[in-house]
J.: 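To start, I am sharing the structure in question, which I have written as structure tokens.
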Amino acid sequence: MTPLSSTSDSSQYFAGTIVVASRIVDQLSSGLYEGPAACLKELVNNSYDADATLVSVFVKPDADQVIVEDNGVGMNKLEFVRHFSRISESYKRDESDTTARGRKKIGKIGIGFIAANELCDTMEIFSTKKGSTELLHVEVRFDLMRKDPAERRKNGGDYDKGDFEGEVLTADSDKQYTQVILKRVRAPARLLFAGDPKPGSIAEFRTLYGKNMKSMAGELSDPRLASWTEFDTYSQNLLRVALNVPIAYFDNWMPSTVSKKASVFASRVKKLNFKLEYDGAEVRKPVILRPHTGKGCFVSEFRFKGKHVAATGYFYAQHGTIQPNDLHGLLLRVRGAAIDKYDPSFLGFPPKDGSVIQRWISAEVWGDDRLEEVLNIDRRTLRIATPAYLELRDAIHAHLRTVIARARHRLYEAQNVKRKELKASGALQSVNKVITESLEGVDRDLAAHLVRSWKRVAHEAKGTPKSLLRRYDVAELYEIVMEVAAEILDARDLKQFARRLTERLAR
Amino acid sequence: MAADRPEKVTMRRLWLEVLHRFALEIVDESPLYLTLPGGEGKDIQMLVEAGLLELSETGSVVDRHRRRVIAVESNSQALVSLRRRFPGLTIREQPFENLVRSDSQFRWPEGEDAEFCKARVVNLDLNACLDARVDDGELKIPIFAWIQKLCQLHKPKRISWSLCLTLHGEVHWTLDASGMVRDFLCENFKRDESFASACADLLGEEVCDAIRRRDSVDFAAQGVDMQQRILMVFVPKRIAHTVHADGWRVNTLRNLRYGGTGARAPIVSWILDIIWEPQAFRQPETVYRESLSKILVGAGRIEENGTLS
């Protein structure tokens, strides 16, 4: 690239510093995000806020550069300088809380781009707006941001957080886009993004690289997939980004028998018309819920309107542990973006309450804008002492209790009844066989009568006749048989019968 | 669009012939093709269509071919365009000069960059003229220094490779530089009469005589057509001269010019097989003469409709 400072038209050249409010500088220095995917999703969410309908991420083959390109509204020099002049100001929502397309903006304090600081040393941006012939070209130097704090300190306790250089080039006026190129990506992030196995590792990992939507759905709904950790780190990052951002669900992401109650959430996100491509592959929200073969499931709708917060969502429950286990628990969303990942503790639900059945449940809950105030700056943790959090937590726990009770009744016990029915049916067949084999040559009519009698017993008991499933120990069996024998045999035959029976049972 | 010129389509077809030849020999993950494809990556698309570069069901380069093609692109926006067309393609974002660490003999590419330079086919489709300058009484041509470095890097493997080189068909040399090119050609006319005769056919007697007499010749002042012809003679000759002492024989497969009329930029393009020749150490002169004799065998022109003449 031509050095920005040597641009031929010096009037088109500009430079500046990025100032970060002291209230967040410490968090930035110590690392705000838990991994590369958390940083990357901030950039994807920025594209969403720019009204993009398509955002393309490129990381392969080596992730030495990571590119995020969108067809959003773009930005010009003035907007860039304004955005970057002071990180932590709510500039994004100054004019409107929603975009021109009507999307509620996810970004709030403008730290999305600073997330890139944790990934790389240099960020290059190209951006243009429809109707403008200006092409903004900026290079942000994060390596300068990491200078000694004393060197960076500015008036008022704030810090210089980095330098940028920019120039205005020429673009077609009918185009709009933003290209963000992360350069000199830090080695640990590079390895995780690229998904290279550790040197010398012979472990075989599944991968989603190069898989189209259908194949990807196949991988994710594979009943043998216990956890996303079975994928390489490339795919894990892809899945984490996809889980977080407001993209559509796969078709048939939930069994059609129960999907009606969750369809409102799926169609709401589909209407946002926001598509993510990752190395050329369209990615959908990686939530595919499938009951184990032959087992039941249900969906319970969650609606809550409290004093401090309101929320809606769904609780999906199935017989048996949810797989992959990454979908087990509760995922909170605000403005379509997830807060971190699924929380298997359901915001601290008592682990002993239906401990087994808790692992059978996967839930997503969308909080209203008031939940945003509860979010910490990292957008993945919540301030748990706030009234809104406490209110929502209690509502979720109350709902979870009803879901667990319903699951116990409808899934666990219903399964038990089914098992008993099968067992009774087997017992009935065995009894009929004994009757037929014993009496066929003696009295056919009697045999047929006895078979009919047992069938009637089974029918009247509505599938689970206790008399067929009853268990006896030897003493009980001995007592029943001897009582019947004493009623119909004379003393001589009774003695012989008792002897033979004893010999048989005592074997 | 310039990249769609019929002449360029013909050139790409010729490159593909070379690539097919080497693709059969590639068995491991060593790179097949190092190229400067530009944002459109048409030569890479050609490899895909020919089945030499495999794409996944989403159009990304399959993992096992991720080192088969190496693109070098220094323009960030062209790089994004290339990434969009071929997700998963290995791209080095730097000028080719940086990949080979300039023309310095003291700095060499390391690690993966060194491996990439050992590709079996290196395509330097340079959007540039041949820069030649006189420094301390010596003719310095950076592109030839890069090519010499590529030869040095290929040397440990001792396997033949191909160089596809494309330059603007204009020269902007100083009189000093033109004089040194003239002297170089004059010496080679004396060394090999058949080369001199072939040059006379291509350049015409008048220019050849001037070279022989070491008259003052300003190549930069010649017409575009003559400048292309001078390059056709000088470039492969000089490359053969530069690398023969290191054990390489240069076989000039194609020596072509096109454009130069109307608004069509004059271009010169070569395909050179650079063949490992153990006897070059013992008999460098023989190997060099052999290289020399073939320089103009494949000389020709690509017409505006793409046909070879």
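In what follows, chains carry the letters A, B, and so on, assigned in the order in which the sequence lines appear, proteins first and then strands, with residues in each chain numbered from 1. Note that the structure is a prediction, hence the values are computed from the model and not measured.
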J.: If the threshold is 4.0 Å, N to carboxylate O, is there a salt bridge linking B:Arg83 and A:Glu69?
T.: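 Salt bridge flag = no for A:Glu69 with B:Arg83.
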
J.: With a 4.5 angstrom heavy-atom cut-off, is it the side chain or the backbone of A:Glu277 that approaches chain B, or both, or neither?
T.: neither

J.: Taking everything shown except B:Lys155 itself, do over 12 heavy atoms lie less than 6.0 Å from its NZ?
T.: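 Yes, enclosed.
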
J.: Could you pull out all residues at least two apart from A:Arg206 that satisfy salt bridge (charged side-chain N to carboxylate O under 4.0 Å, His left out)?
T.: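 Counting only residues at least two positions away or on another chain, A:Arg206 forms a salt bridge (charged side-chain N to carboxylate O under 4.0 Å, His left out) with A:Glu219, A:Asp222, A:Glu230.
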
J.: Taking all heavy atoms of B:Leu89 and all of A:Pro61, pick out the closest pair and write down the distance.
T.: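 Closest approach of B:Leu89 to A:Pro61, heavy atoms only: O-CD, 3.2 Å.
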
J.: Taking everything shown except B:Asn127 itself, do over 12 heavy atoms lie less than 6.0 Å from its CG?
T.: no

J.: Should B:Arg67 and A:Asp62 count as an ion pair when the cut-off is N to O under 4.0 Å?
T.: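 Salt bridge between B:Arg67 and A:Asp62, a charged N being under 4.0 Å from a carboxylate O: yes.
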
J.: Side chain from CB out, backbone as N, CA, C, O: work out which of these in B:Arg92 comes under 4.5 Å of a heavy atom of chain A, or both, or neither.
T.: side chain

J.: Sort out for me which of B:Gly88, B:Ser60, B:Pro95, B:Ala78 touches chain A most, counting heavy-atom pairs under 4.5 Å.
T.: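 Between B:Gly88, B:Ser60, B:Pro95, B:Ala78, the count favours B:Gly88.
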
J.: Do you know the tightest heavy-atom contact between B:Thr58 and A:Ala281?
T.: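 Minimum heavy-atom separation between B:Thr58 and A:Ala281: CG2-CB, 3.6 Å.
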
J.: With rounding to the nearest 0.5 Å, note down the distance linking CZ in B:Arg66 to NZ in A:Lys60.
T.: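 Going from CZ on B:Arg66 over to NZ on A:Lys60, the span is 6.0 Å.
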
J.: Could you point out which residue of A:His137, A:Glu124, A:Gln179 forms a side-chain hydrogen bond (donor to acceptor under 3.5 Å, both in side chains) with B:Gln77?
T.: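 Answer after filtering A:His137, A:Glu124, A:Gln179: A:Gln179.
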
J.: Checking A:Tyr249 now: which residues fulfil ring pair (Phe, Tyr, Trp, His ring centres under 6.0 Å) with it, not counting sequence neighbours?
T.: A:Trp253

J.: Any donor-acceptor pair under 3.5 Å linking the side chain of B:Glu57 with the backbone of A:Lys211?
T.: no

J.: Below 4.5 Å from any heavy atom of chain A, which atoms of B:Ile91 appear? Answer side chain, backbone, both or neither.
T.: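 The backbone, not the side chain.
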
J.: Counting heavy-atom pairs under 4.5 Å with chain A, which one of B:Arg84, B:Gln94, B:Glu112 comes out on top?
T.: B:Arg84

J.: Can you tell me how far apart CD1 (A:Ile67) and CG (B:Leu79) are? Round to the nearest 0.5 Å.
T.: 5.0 Å

J.: Drop me the distance from B:Ser56's OG to A:Tyr209's OH, to the nearest 0.5 angstrom.
T.: 6.0 Å

